[in-house]
Number of protein chains: 2
Amino acid sequence: MQVMTGGERMRGDVFDTNCPSRIVLDHVTSKWAVLVLAALRTGPSRFSELRRRIGGVSEKMLAQTLRTLEADGFVHREVAPTTPPQVTYSLTPLGEGIAERVTGLVDWIADRIPEIQDVRTR
Amino acid sequence: MQVMTGGERMRGDVFDTNCPSRIVLDHVTSKWAVLVLAALRTGPSRFSELRRRIGGVSEKMLAQTLRTLEADGFVHREVAPTTPPQVTYSLTPLGEGIAERVTGLVDWIADRIPEIQDVRTR
DNA sequence: CTGTATCCAGGTTGATACTG
DNA sequence: CAGTATCAACCTGGATACAG
């Protein structure tokens with residue numbers, strides 16, 4: 001935790017490293033969140049189904065990612081009171097918006113990978 | 001480093017955690033890269049000027065971030081052969097594209113912070 | 001099935017000191 | 001001015017075991 005000692009930077013914009021926008025940005029661009037958002041764009045999904053579709057994710061990280069996205073209002077969690085319990089995750093309207101943009105950014109980059117690789121070799 | 005043991009996931013899309021797009025996404029959405037891109041959108045800037053404008057960044061992290069962005073082709077580094085040396089950083093055309101989109105994403109999120117905070121308190 | 005708790009290795013960060 | 005080198009501290013993430 002870093003303390004602002006003076007009034008040197010009090011704007012609420014992107015230059016404030018700990019502004020809410022930056023925190024949410026980190027959430028939605030995190031390693032697994034990108035994949036969760038992409039997976040949920042095709043429709044609601046259960047925990048174990050997500051775990052299967054997103055290869056390599058641990059239970060801990062999937063649960064953590066889903067909790068964060070839920071807290072931010074991007075993902076809806078629906079528990080069916082059965083035994084064993086069934087939990088279904090889906091995108092909220094807000095979640096669909098962010099999912100579209102995040103995957104859009106990934107796709108924009110993907111389209112330019114040839115150019116980027118080109119620079120790297122030069 | 002994780003090894004793919006089978007052919008279970010060979011697509012080149014977003015579901016491949018280590019695909020080039022994801023790597024570049026991590027670069028440009030990293031803590032300091034977002035701020036560097038935002039700072040450079042207003043025009044070329046020198047090392048120490050960037051350090052002043054982006055409060056809290058260490059020399060090491062600024063240098064590291066700039067080297068990564070340069071390697072990806074988003075930032076151009078111009079050295080004037082004077083003493084003391086003058087190094088000027090600027091966005092490449094590719095860099096302007098990504099800067100626009102990254103800050104756009106941050107702004108999109110910023111616009112919805114009220115909604116998000118609303119969910120958090122509920 | 002859907003998680004939570006714990007532990008630990010590895011990577012990332014930042015302070016500091018130093019160089020050309 | 002514009003960095004690089006070094007090192008300790010922190011944090012993240014994954015494996016494992018366990019619980020409701």
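Numbers restart at 1 for each chain; the letters A, B, ... are given by sequence-line order, proteins then strands.
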Please state how far atom [atom1] in [X] lies from atom [atom2] in [N], giving the value in whole angstrom units.
| X | N | atom1 | atom2 | answer |
| --- | --- | --- | --- | --- |
| B:D26 | C:dT12 | CG | P | 10 Å |
| A:E70 | C:dG3 | CD | P | 9 Å |
| B:M61 | C:dT16 | CE | P | 17 Å |
| B:K31 | C:dT12 | NZ | C1' | 11 Å |
| B:E49 | D:dG3 | CD | P | 14 Å |
| A:L62 | C:dC1 | CG | P | 13 Å |

Q) Can you give one letter per nucleotide of nucleotides 4-10 of chain C, 5' to 3': B if a protein heavy atom sits under 4.0 Å from the base, S if only from the sugar-phosphate, - if neither? A) B-B----

Quick check on [N]: is either OP1 or OP2 less than 4.0 Å from any side-chain nitrogen or oxygen of [X]?
| X | N | result |
| --- | --- | --- |
| A:W32 | D:dG14 | yes |
| B:S48 | D:dA2 | yes |
| A:R46 | C:dC1 | no |
| B:Y89 | D:dG3 | yes |
| B:R77 | D:dG3 | yes |
| B:T83 | D:dC1 | no |

Q. Less than 4.5 Å apart, any side-chain heavy atom of A:L35 and any of B:R22?
A. yes

Q. Side chains of A:T17 and B:W32: does their closest heavy-atom pair fall under 4.5 Å?
A. yes

Q.
Show the nearest heavy-atom pair for residues B:A110 and B:P114, with the distance to one decimal.
A.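 Reported closest heavy-atom pair: O-CD, 4.0 Å.
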
Q) So which heavy atom on A:A39 is nearest to which on A:L50, and how close? A)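 For A:A39 and A:L50, the tightest heavy-atom pair comes out as CB-CD2, 3.9 Å.
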
(Q) What I want to check is whether the side chains of B:T82 and B:Q86 have a donor and an acceptor closer together than 3.5 Å. (A) no

Q) Hey, does A:R51 reach any base, or is it just sugar-phosphate, or nothing, if we go heavy atoms under 4.0 Å? A) nothing

(Q) For B:L37, run the side-chain contact (heavy atoms from CB on, under 4.5 Å) check against B:T65, B:T29, B:L91 and tell me which one passes. (A) B:L91

Q.
Taking the nucleotide of DNA chain D with the nearest heavy atom to each, does A:S58 or A:P84 sit closer to the 5' end?
A.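 Nearest nucleotide further toward 5': that of A:S58.
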
Q. OG1 of A:T68 to CG of A:D26: how many Å apart, nearest 0.5 Å?
A. 11.0 Å

